[in-house]
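Treat the numbers as computed from the prediction; the structure is a model and nothing was measured. So that the names make sense, note that chain A is the first sequence line, chain B the second, and so on, each numbered from 1.
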There are 2 protein chains.
Amino acid sequence: MELDHDSPVPLYVQLANLLRGRIERGELKGRIPATKDLAVQYEVAQGTAERSLAILREEGLIISAVGRGHFVAKRD
Amino acid sequence: MELDHDSPVPLYVQLANLLRGRIERGELKGRIPATKDLAVQYEVAQGTAERSLAILREEGLIISAVGRGHFVAKRD
DNA sequence: TGGGATTTGTTCGTATGTATC
DNA sequence: TGATACATACGAACAAATCCC
């Protein structure tokens, strides 16, 4: 799965959508890779990866903690 | 009115709050200064000013248009 | 008609501060 | 203490849309 750098859809939105799908399908559980690792994996800047996770955080899909990491939120 | 660079509250949040207040009090009408000008006025980076306006945009307080500018949204 | 200037919005790379382990 | 990680902030560059002359 790759991101389309030529798409009019912003990379950070594409990545957020991609990660949301993986979470909802249960492919991504517990700990989410660090922004630094996501940046390398998807070939975006760390700030872009962070922005993607910020979207999921606002949606309540993940929980972030400074110095700890990002985690898939428990289902309610 | 100035921003506190030493506050734990992020600059982009401080600026968003400040501008929101000015809009709600009717001090800011119609056209909003360009991000570049806000950046100079409040001594922040252009990206930080942009981020502040993004918050107000999501809140529906302002409307932004590429190549035109930012405008206070009509009251409903 | 066309070209230059302006403005928004995205992205990058980097640096820094704070918190956790 | 040192390594790791999140979050903020900066400066710079670029594309697209718009405006102006």
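- Checked against dC10(D), dT8(C), dT8(D), the side chain of Pro10(B) finds its nearest nucleotide in dT8(D).
- Using modelled atom types, no side-chain atom of Asp37(A) and backbone atom of Pro33(A) make a donor-acceptor pair closer than 3.5 Å.
- Here Arg68(B) does not reach the OP1 or OP2 of dT6(C): none of its side-chain N or O atoms lies under 4.0 Å away.
- Nearest nucleotide to the side chain of Arg31(A), out of dA9(D), dA5(D), dC12(C): dA5(D).
- Contacts of Gly69(A) with the nucleic acid, taken as non-hydrogen atoms under 4.0 Å apart, involve only primed sugar atoms and P, OP1 or OP2.
- Atom CD1 in Ile55(B) sits about 10 Å away from atom P in dA9(D), given to the nearest Å.
- Annotation: Glu43(A), atom CD; neighbour count of heavy atoms from other residues, nucleotides and ligands within 6.0 Å does not exceed 12.
- When the P atom of dT8(C) is taken as reference, atom CD of Glu58(B) falls 16 Å away, rounded to whole Å.
- Within the 4.5 Å cutoff, no side-chain heavy atoms of Arg51(B) are placed close to those of Leu11(B).
- The nearest whole Å value for the distance from the CG atom in Leu53(B) to the P atom in dT7(C) is 13 Å.
- Distance from the side chain of His70(B) is smallest to dT8(C) among dT8(C), dC21(C), dC6(D).
- With dT11(C), dT8(C), dC10(D) as the candidates, the nucleotide lying closest to the side chain of Leu11(B) is dC10(D).
- Applying the 4.0 Å criterion to OP1 and OP2 of dG9(C), one finds that Arg57(B) has a side-chain N or O inside that range.
- Using a cut-off of 4.0 Å between Lys/Arg side-chain N and Asp/Glu carboxylate O, Arg57(A) and Glu50(A) are scored as salt-bridged.
- The shortest distance between the side-chain N/O atoms of Thr35(A) and the OP1/OP2 oxygens of dA5(D) is not below 4.0 Å.
- Atom CG of Leu56(B) is separated from atom C1' of dG9(C) by 16 Å (rounded to the nearest Å).
- Atom NE2 in His5(B) sits about 9 Å away from atom P in dA9(D), given to the nearest Å.
- The phosphate of dT8(D) (OP1 or OP2) has a side-chain N or O of Tyr12(B) nearer than 4.0 angstrom.
- At the heavy-atom level, Gln14(B) lies nowhere under 4.0 Å from the strands shown.
- For the pair Leu15(B) CG and dA9(D) C1', the computed distance is 13 Å after rounding to whole Å.
- The side chain of Glu50(A) lies closest to dT8(D) when the candidates are dT11(C), dG9(C), dT8(D).
- Closest to the side chain of Ser64(A), from the set dA7(D), dT8(D), dG13(C), is dA7(D).
- Atoms CD1 and CZ, on Ile63(A) and Phe71(A) in that order, are 9.5 Å from each other to the nearest 0.5 Å.
- Ala54(A) comes within 4.0 angstrom of nothing in the nucleic acid, heavy atoms only.
- Taking 4.0 angstrom as the limit, Thr48(B) places none of its side-chain polar atoms (N or O) nearer than this to OP1 or OP2 of dT8(D).
- Rounded to a whole Å, the OH atom of Tyr42(A) is 16 Å from the P atom of dT11(C).
- Dashed line: the shortest gap from a side-chain N or O of Arg51(B) to OP1 or OP2 of dT8(D) is under 4.0 Å.
- In this structure, Gln46(B) places its CD atom 11 Å from P of dA12(D), rounding to the nearest Å.
- By the rule that hydrophobic residues join a cluster once side-chain heavy atoms approach within less than 4.5 Å of another member, Leu18(A) and Ile32(A) end up as members of one cluster.
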